[in-house]
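Data block below; observations after.
The shown structure was predicted, so the numbers you read here are calculated from the model rather than taken from an experiment.
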Amino acid sequence: MNNPEPGGLVWFDAPAPPRTTEPLSRERIVAAATELADREPGGEITMRALAGRLGVRSPMALYRYVGSKDGLADLMADQVYGRFSVHRGDGWRPALRELGTSGWAAVQRHPWFARLAFARPPLGPNALNLYDAALAELDPLNLPAATRMGFVNTVLGHVFGSGLALLEEQRMRAGIGTPTDADLAASAAPYLERIAAAGAHPHFSRWAADPERHAPAPQTFEAILDWLLDGLESLPN
């Protein structure tokens, strides 16, 4: 296997054949890395921690199978792209809605994926299959190439942006020790009281004092997705 430079792509480099002294494979490394990232609030892992989880003495042994840490990131991200789906055969809107809802389900399981989706190019087999399926459903509209991809990326942008917000919230909550909404509200209460007493932001303070502010917001992921699809549907073909 030719080890790509950092930042290079792993897709055209075959993994090294397993060694009898190393119980390793590309698939096993990616599975372990995914489990490790899922357990970290920020989703960040080190090759040393991954080697330890796999029972390997040296992290360098892993590079024979994934090429580089960027190669591992590409493999991890593409595994999650494989959890997305596109509804076929009933037009572009059901196709893109399923793209959004299946993507959101995947990102909630693996919030770290959202960071990789912004950082690494979607050129793995699962990502390419996904884009190809979505674009196929848009073909009957005869839209310009940039517009077709714009439709897909509008939905994926909502998925990735929502996932990144979820990831950063998890990191924040872990950092300040507020795992529940009640914990977070309790930690903010003294500051909200000081803001209200100062009287400089009356509208914000009225909102903060309203018990209804804890009710579920109508702006769910699915509602915003439908608003985005409504907007796309209103565009002239």
Side-chain angles (χ1 to χ4, degrees), residues 4 7-15 26-27 30-31 33-34 37-38 43 66-68 70-168 219-237:
L9 299 177
V10 72
W11 305 115
F12 295 104
D13 293 296
R26 177 175 282 185
E27 292 74 19
V30 173
T34 298
D38 287 346
V66 301
S68 66
D70 286 328
L72 176 61
D74 286 333
L75 292 163
M76 292 171 67
D78 199 61
Q79 180 174 258
V80 180
Y81 273 116
R83 299 183 180 276
F84 290 45
S85 59
V86 172
H87 185 80
R88 303 299 301 269
D90 289 317
W92 70 268
R93 181 161 181 148
L96 294 192
R97 194 176 197 285
E98 184 170 303
L99 173 65
T101 55
S102 65
W104 180 228
V107 169
Q108 289 179 93
R109 290 184 63 183
H110 310 291
W112 48 265
F113 164 78
R115 184 179 65 248
L116 296 186
F118 283 115
R120 303 300 300 165
L123 297 177
N126 288 327
L128 291 176
N129 287 340
L130 186 71
Y131 274 97
D132 196 71
L135 290 169
E137 296 301 311
L138 289 163
D139 271 350
L141 298 182
N142 294 315
L143 297 169
T147 304
R148 294 198 303 275
M149 187 59 77
F151 272 47
V152 177
N153 283 337
T154 294
V155 173
L156 290 180
H158 180 36
V159 173
F160 300 157
S162 298
L164 202 57
L166 176 62
L167 179 67
E168 291 303 318
Q219 300 91 340
T220 63
F221 176 91
E222 290 78 8
I224 295 172
L225 175 61
D226 284 329
W227 297 341
L228 290 171
L229 295 174
D230 289 343
L232 293 174
E233 195 163 26
S234 71
L235 293 175
N237 293 339

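- We find that Arg83 and Asp78 are not joined by a salt bridge, their nearest charged nitrogen and carboxylate oxygen being 4.0 Å or further apart.
- When atom types are taken as modelled, the side chain of Arg148 and the backbone of Leu135 share no donor-acceptor pair closer than 3.5 angstrom.
- When the shell of 6.0 Å around CZ of Arg88 is examined, it contains more than 12 heavy atoms from other residues, nucleotides or ligands.
- Residues Arg97 and Asp226 are paired through a salt bridge, judged by an N-O separation under 4.0 Å between the basic side chain and the carboxylate.
- Nearest heavy-atom pair, Pro111 versus Leu166, reported as atom, atom and distance to 0.1 Å: CG-CD2, 4.0 Å.
- Aromatic ring pairs are classed by plane angle as parallel below 30°, tilted from 30° to 60° and perpendicular above 60°; the pair Phe84 and Phe160 is tilted.
- In this structure, Phe221 and His158 have parallel ring planes: the angle between them is below the 30° cut-off, well short of the 60° mark.
- Thr101 and Glu222 share no side-chain donor-acceptor pair at under 3.5 Å.
- Formation of a donor-acceptor pair under 3.5 Å by the Thr147 side chain with backbone atoms of Leu143 is not found in this model.
- Taking 4.5 Å as the limit, some side-chain heavy atom of Asp230 sits within range of a side-chain heavy atom of Arg93.
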Dump the intermediate steps for side-chain contact (heavy atoms from CB on, under 4.5 Å) on Arg109 and Val80, then the final yes or no. CA-CA 9 Å; Arg109 290 184 63 183; Val80 180; over 6 Å; no
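- Without hydrogens or angle criteria, Ser162 side chain to Val159 main chain gives no donor-acceptor distance under 3.5 Å.
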